[in-house]
Amino acid sequence: AAGCNGAMSVTGDYPHRCPNCLDRPERGPATMTSAAQDHEQQVYPPSPEFVATANAGPELQAAADADRLGFWATQAQRLDWATEWSEVLDWSDAPVAKWFVGGQLNVAYNCVDRHVLAGNGDRVAIHFEGEPGDSRALTYNDLLAEVCKAANTFTDLGLVAGDRVAIYMPMIPEAIVAMLACARLGLTHSVVFAGFSSHALRSRIDDAQAKLVVTVDGQWRRGQAAPLKPAADEAVADAASVQHVLVVKRTGIDVDWTEGRDLWWHETVDKASAEHEAQPFDAEHPLFILYTSGTTGKPKGIIHTSGGYLTQASYTHHYVFDHKPGRDVYWCTADIGWVTGHSYIVYGPLSNGATQVVYEGTPNSPNEHRHFEIIEKYGVSIYYTAPTLIRTFMKWGRDIPDAHDLSSIRLLGSVGEPINPEAWRWFREVIGAGQAPIVDTWWQTETGAIMISPLPGITATKPGSAMAPLPGISAKIVDDNAVPLGAGGNGYLVLDQPWPSMLRGIWGDMDRYKDTYWSRYAEEGWYFAGDGARYDEDGALWVLGRVDDVMNVSGHRISTSEVESALVGHPAVAEAAVVGAADETTGQGIVAFVILREGVTNTGDQLITELRNQVSTEISPIAKPRQISIVPELPKTRSGKIMRRLLRDVAEGRELGDTSTLVDPKVFEAIRAQGK
Ligand code: 6R9
């Protein structure tokens, strides 16, 4: 907008608002709008008070620049090692890295025991807030006892280091205890989001050949006890690898029981000994597998290992969140089913001795005040959430947060998708009292920990920009020919140096690992992240969103082909094409175009409901299309590729772009008529 320029917005420590842009609706930066570009000029420097006590100082970047591997060796000293490493990085077998070669440690010991041994056993580790209003505090002493009991139980069940355990649980402390018990024994956990269907759980159990499944009878959701064990039962029925199902009684609802296979947590873990001595494991021992959507229908089992992963999770949690153990009350609103829950509920915060809130339910149970009541009740000082929730809060209105004392908040974080500048400013103004720094953290399941983010106390931030790679991390924005781009050019985000918490592969499919991430820039040896990005005139980095067929719905990664194959699995469907269309609240919404088989009658709404349910049971309710249009034909190129770009134009109500490569441009008249 005319009149909006840098000069008027950078004075003092609070920026002046641009009168032209203030009330204008903005879209997310997935397509960079001129409004968003205007705001590239708006800068929020850290306050002198924040700078005075910040964990990060300018020496951090200087140290990383002077000696990158030496810098990571220093960060690894944040942990307790049973055996010192002989080499920081072995990249000779690229793209499979070995970090802290020869080093040995126990991840659970680092997250629990050492805090107790240091005299902090009485510190609260977890303030658990159940959805029905029950609450429970676990100190580090309590957590140690629980983890030891679970470890003893797992050992009694015959599990040994290297075995895989599937964890299918809601956000209750036992889920975290189960993860840490695995880490303690060198068992590799595979956490499956409790919102996933039995089909999705089964394919993950089979892929990893899990021997144990840990689950619950049911979970609390919007005031109701929703059964979960039936889905676990369905998933493990004749799954040859599964020997036992360990069940936490969370809701008390009735469950079916398979004698000899099923065990209650309260009859086993609760009765086990609380004494257990942790053994060290190799730095490269696999800690967990976490499945994420790729561009094909089959989810990828991303492998993370121990020493490098924990080093970077701990380092980033300490500096990016400016975390002060014993003083801060930290709350990351993610679910342990996603990587954010792994790195910023379990491993990062607990390795740093944090006191954190763990909340079981949805933000509007029993009403929209819930998150703000929790912040007030526990004095939450660091609040890390997703843009989609911030936009939902905006819709609910500021009266709701304004009814609460949020003065404990001193830092805010965002993750999962690009945050639009309007949501950023609202977050800072309404939740952060116009003062709290915001860290917009870019990273992925594959990167294991935060890669690109402002450092509070150092970085002057811009609303909507993740700003710069962290000290020790190296990223580039390049074009198709690997030429680095200067200010203003849209390109691909690549990571041109290995990092400690990088994935070590895809479970059971190293070819796919090489192909997906390392073949695009094979000659250069760069990791291809799958995101578009640009630098602005001041060198700030803007992540623009996925450049592949992966959609981002409320921060969840869902591949178009996964949804397409679920739809084609329905007997009425001959062919399906799925696109992510811009959505005001969820970032993207799923829009499907479906061709029916010959002879099938289109029953309209009834069929569409059936198709939506099909996706829900095949994958998860989170993958349900927002809209399904039954169309006579799909737009294809002469080589037979579905032209998603054009379907996206239709879904977003735009004028059609270039249709010259289409076989039959008239296809669109019919599609449009249906799509309305
Ligand atoms: C941690 C997590 C990764 C994808 C990633 C990108 C998007 C995440 C972002 C962001 C812009 C941010 N993404 N954080 N885009 N700004 N701060 O979300 O992992 O579920 O694997 O998703 O999410 O597109 O490639 P994951």
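For ligands, and for the atoms within them, numbers begin at 1 and follow the listed sequence.
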So that I know where these two stand, are Phe321 and Tyr344 an aromatic pair - ring centroids less than 6.0 Å apart?
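Phe321 vs Tyr344: aromatic centres under 6.0 Å.
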Heavy-atom contacts with ligand 1 below 4.0 Å: which residues, ordered by chain and residue number?
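Protein residues near ligand 1 are Val339, Thr340, Val415, Gly416, Glu417, Pro418, Asp440, Thr441, Trp442, Trp443, Gln444, Thr445, Asp531, Val543, Arg546, Asn552, Arg557.
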Residues in salt bridge (charged side-chain N to carboxylate O under 4.0 Å, His left out) contact with Arg410, at least two apart in sequence or another chain
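Salt bridge (charged side-chain N to carboxylate O under 4.0 Å, His left out) list for Arg410, sorted by chain: Asp322, Asp328.
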Could you go through the ring-ring contact (aromatic ring centres under 6.0 Å, His included) check for Tyr291 and Phe196 one step at a time?
CA-CA 12 Å; Tyr291 289 83; Phe196 275 132; 9.6 Å; no
Can you sort out the partners of Ser198 under side chain to side chain donor-acceptor pair (under 3.5 Å), two or more places apart, ordered by chain and number?
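Ser198 satisfies side chain to side chain donor-acceptor pair (under 3.5 Å) with Glu234 once adjacent residues are dropped.
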Thr445 side chain reached by Lys300 side chain, heavy atoms, under 4.5 Å
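No, every pair of side-chain atoms sits at 4.5 Å or beyond.
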For residues 526-533, run the donor-acceptor check on the side chains, cut-off 3.5 Å, and write out each pair with its distance to 0.1 Å, sequence neighbours left out.
residue, atom, partner, partner atom, Å
Tyr527, OH, Gln444, OE1, 2.8
Asp531, OD1, Arg546, N, 3.4
Asp531, OD2, Trp442, NE1, 3.0

